[in-house]
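Residue numbering restarts at 1 for every chain, and letters A, B, ... go by the order of the sequence lines.
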Amino acid sequence: MTADSCEAAAPILEVRGVVKDFPGQRALDDVSLTVRAGDIHALLGENGAGKSTLIKIVTGVYRADGGEILVGGRPVQFTRPHDAQTAGIAVVHQHGNLVPNLSVQENLALGEALPRRLGAFVDWPEVRRRAADLLSRMGLSIPGGALVSSLRPDEAAMVSIAKAIATDARLIILDEPTTALLPREVELLFGHMRRLAGEGHGFLYVSHRLSEIFDVATSATVLRDGRKVWSVGRREDLRREAVVAAIVGREKSLAAEAPVSRMPRSEGPPVLEVRGLSSARVHGASFTLRTGEILGLAGLPGSGAEETLDLLFGRQAPEAGEILVGGRSRRFASPREAVAAGLALVPKDRLAEAALGGFSVRENVSLPSLGRLLTDPLTRFVRRGAERELVSGVVRRLNVRATGIEARMDSLSGGNQQKAVLARWLGTGARVYLLNSPTAAVDVGAKAEIYRLLAQLAEEGAAVLFTSTEVEEFPRLCDRVLVFRSGAIAGELGCPDITEARILGLAVGLADSGRAA
Amino acid sequence: MANDRFDLVNWFARYGTILFLLLLVAGFSWARPDVFPTKLNLLNVLNQASILLIIASGLTVCLVMGLFDLSIAAMATLGGYVVCKLLVDQGDDPHVWLTVAGVLLLSGVVGVLNGALVSYLGVSAFIETLAMGSIITGAILGYSESRTVLGGIPEAFLSLGQEATLGIPNPVIVMGGVALLLWLLLEHTQAGRNLYAIGGNSEAARLSGIAIKRYALVALGISAACAALGGMVAAANLGAGRPQGVGDTYLLNAFAAVFIGASTLRPGQFHILGTLVGVLLIGVISNGLSILGVQTFWQYIVQGVLLIAAMFGAGMVTLRRR
């Protein structure tokens, strides 16, 4: 195909002036975008900017209230997701679209017309053959008979992408597909995307990890408050500053990208001492966390950084080792005891482990503080007035945007939910914060606010232990970083040496970590 | 336009069951003005509803934290039978209230045992309470040799189900006490808040420092004691301790009432006030239909339809939120 005919061919997807109204608000206002064959088009914007709504319209989950959608140059009217699939649009969601208790090959065949024998019976050998074929084409060494529930998160993500590709979709929509992936798997995925784009597929790619966007995207559209505020059709024009400015709006852009500035303090008294902490996945970790310090625990998924937080908080019992909180040796049998000792944990998976979706912000925030809001120790009635006061205070301090403290938690955007989860611990007067990816799937603006809050907590004398799957966060936030590799601490980086390259170098075990990445 | 419809659906999800209850009361009053709206009949409705509410309130506590308790039928039977049996066995001078308290304690202990098996052995509450119910049913049948306790039950105990104090039937007073206590527990205490948190997201609750395993003991203990108390009031009302079948009538009705309650005022959440509305709805339907001379089988059908309608109402709210 020559460049000329490529120009002439109709775009795979064309969205023209789409409008979508929800009760009380306009979710999308005159949004247009174009994905051509060979494009990897990044769809960017803060949480609540309208990205998900647009994807739902393109995939037939919602119907647009105005505008039109063209697939391959022909106007289409999707009334249900199946219509979009038939038209060659596949979507891979953040949390995957696989059935955990079925095998990989069954998942790959799900929703397809299964090969038959005698018109009725499933031709299982053929299903197996097709699955093996597809998996090897994707470069995956996963047995087709393995249950999806037995896969690592990154393997599962790759299988969902394989499934999308298996449908022969021309347009593949990826919604935060790399959240669970290791760096090398992200590379592998990008390789597949580039190859498939070269074969004439188009991608619509949503991710909060900006560095990935610049790595892989060939064009981009930025939404803010339901409107298209910026778009670019050529890779050369994709500039980091311009994209960030478009996402957050001009006034906030500086704050979002600049490192969190504060006086690094690593000389305070130790609040948490860990000696020889060991479990199935952590081998003899020893370190000291001081008052006023933000200490990063870096490492690839499964390296022991996240597991260390779980061990410290009493979610799992350590096999060996000693934990000293404020100089006293402690052994937490449950999170309850850790909370009582002044520890706080923000877990990685907000929906599954932190938020009470159907409950009010008030109930979410006051939960661990109820013990200090009681009328008397006998009846243990909760003092409503004191509760409202406490919650309003921390919610204001963290700038949680909601219609009020009685708003339902699940009506908040991801970033505001995460701020509410953090607010929960401010009321308890916790001294040691254990944070596992506190900015995962949080928009740029909320991210900056969370960084500022953590810096503030540290300045006020709390100690923060921080881990994240996004390596770029460590240099911006931490005073000191410990890098885990296969369960052990592979190295420590002090203030001027905390760079993405050195962290990754230590994490993957390059001899010279200077130019690792 | 869009906003108007939004509010209407929301309003129905919250107040639809109450509206329906009022409509039913109005309808039955209009159809049989001489019988239905009389003081005698309305007290009768409350009286019949009281046993169901005592049992359903305890069940509400369990469902709030996400546990199904299917042993309440057997617990109700146990409460009614064992109290009567023990009172009769004591002969002429029985310790009535001591015996009642003892049986309540016994049933509470069985409930706590349920909780322990669920929490510490990791058995699903649904299956565990089903099994415990079977064990209790069997034990009572063996202990009673299938014989109903009829004569010789002390008057003091029978008054619990048959007499009135200040014009209010005693079962209604017991019901009010139980419902008030559990309402205070769920709505105003730390324990109640924790129970709701566990039901909402048990891992989040655990990580917030709540001892989630202990709460299963509390919730199932309360549920068992309430079921036994309901069974006692039923036995006192009947004047007999039957060793089988007492609780079975209440099992489905209790679940229906609690789930109807979860679509009232606070859609999607179990709560005592909602359970009260659910119990009254079931009570009014059954009373009204029998006054109208409608055959019993219709009551089952109407109740089933009503439950589905209530669930549909609650589901509408959840669907629209997406």
Side-chain angles (χ1 to χ4, degrees), chain A residues 21-25 56 61-62 65 310 313-315 334-341 343-347 349-359 362-375 377-384 387 408-411 421 424-425 428 430 434, chain B residues 1-10 13-14 64-66 119-120 180-215 218 262-263 266-271 314-315 317-322:
Chain A
D21 284 319
F22 285 126
Q25 73 179 88
K56 282 183 176 152
V61 179
Y62 291 159
D65 295 321
D310 288 346
F313 200 66
R315 281 183 96 176
S334 70
R336 201 166 74 90
E337 297 175 16
V339 170
L343 270 60
L345 176 79
V346 173
D349 189 337
R350 183 173 59 239
L351 292 181
E353 303 172 322
L356 302 170
F359 293 78
R362 170 177 56 81
E363 287 161 311
N364 267 277
V365 170
S366 66
L367 191 59
S369 312
L370 290 176
R372 15 171 96 210
L373 298 170
L374 302 181
T375 47
L378 189 67
T379 60
R380 303 182 82 74
F381 280 21
V382 177
R383 285 184 288 136
R384 287 292 175 98
E387 185 193 7
R408 270 173 62 122
M409 187 73 160
D410 52 15
S411 73
V421 168
R424 175 182 285 172
W425 295 112
T428 66
L434 312 175
Chain B
M1 266 308 281
N3 271 326
D4 291 344
R5 198 178 142 270
F6 183 87
D7 285 338
L8 196 67
V9 172
N10 211 5
R14 281 169 194 280
V64 157
M65 82 164 275
S119 267
Y120 298 103
L180 180 67
L181 266 179
L182 294 183
W183 179 78
L184 283 173
L185 171 83
L186 284 179
E187 304 301 325
H188 287 281
T189 69
Q190 182 181 15
R193 210 62 92 62
N194 290 351
L195 284 166
Y196 273 112
I198 296 167
N201 184 341
S202 67
E203 188 59 17
R206 193 172 81 94
L207 294 180
S208 297
I210 296 168
I212 58 172
K213 290 188 171 173
R214 289 183 210 167
Y215 277 97
V218 175
S263 68
R266 282 150 54 181
Q269 265 187 20
F270 300 104
H271 57 135
V317 179
T318 333
L319 269 181
R320 219 198 34 229
R321 274 215 183 86
R322 282 202 251 170

| field | Interchain contact, A:Ala340 with chain B, by part (heavy-atom threshold 4.5 Å) | value | neither
| message | With a 6.0 Å cut-off on the ring centroids, do B:His271 and B:Trp183 count as close? | response | no
| query | Between the side chain of B:Arg193 and the main-chain N/O of A:Val382, is any donor-acceptor distance below 3.5 Å? | reply | no
| Checking B:Tyr196 side chain against B:Phe270 main chain: does a donor-acceptor pair fall under 3.5 Å? | yes
| said: Using modelled atom types and a 3.5 Å cut-off, is there a donor and acceptor pairing between side-chain atoms of A:Arg380 and backbone atoms of A:Leu374? | reply: no
| At a heavy-atom separation under 4.5 Å, does A:Ser366 approach chain B through its side chain, its backbone, both, or neither? | side chain
| Just checking heavy atoms, which of residues 198-207 of chain B are less than 4.5 Å from chain A? | B:Gly200, B:Asn201, B:Glu203, B:Ala204, B:Ala205, B:Arg206, B:Leu207
| said: Under a 4.5 Å cutoff for heavy-atom pairs, which residue among A:Ala355, A:Gly358, A:Gly357 has the most contacts with chain B? | reply: A:Ala355
| task | Using atom types as modelled and distance alone, determine if a side-chain donor or acceptor of A:Arg372 lies under 3.5 Å from a backbone N or O of A:Thr428. | result | yes
| task | Identify whether the distance between the nearest side-chain nitrogen and carboxylate oxygen of B:Arg266 and A:Glu363 falls below 4.0 Å. | result | no
| Hey, mind stepping through A:Val365 and A:Met409 against side chain to side chain contact (heavy atoms under 4.5 Å, CB included) and telling me if it holds? | CA-CA 10 Å; A:Val365 170; A:Met409 187 73 160; over 6 Å; no
| task | Using a cut-off of under 4.5 Å on heavy-atom pairs, state which of A:Glu337, A:Arg383, A:Glu387 scores highest against chain B. | result | A:Glu387
| Check: B:Val218 and B:Leu195 side chains under 4.5 Å, non-hydrogen atoms | no
| For A:Ala352, is it the side chain, the backbone, both or neither that has a heavy atom under 4.5 Å from a heavy atom of chain B? | backbone
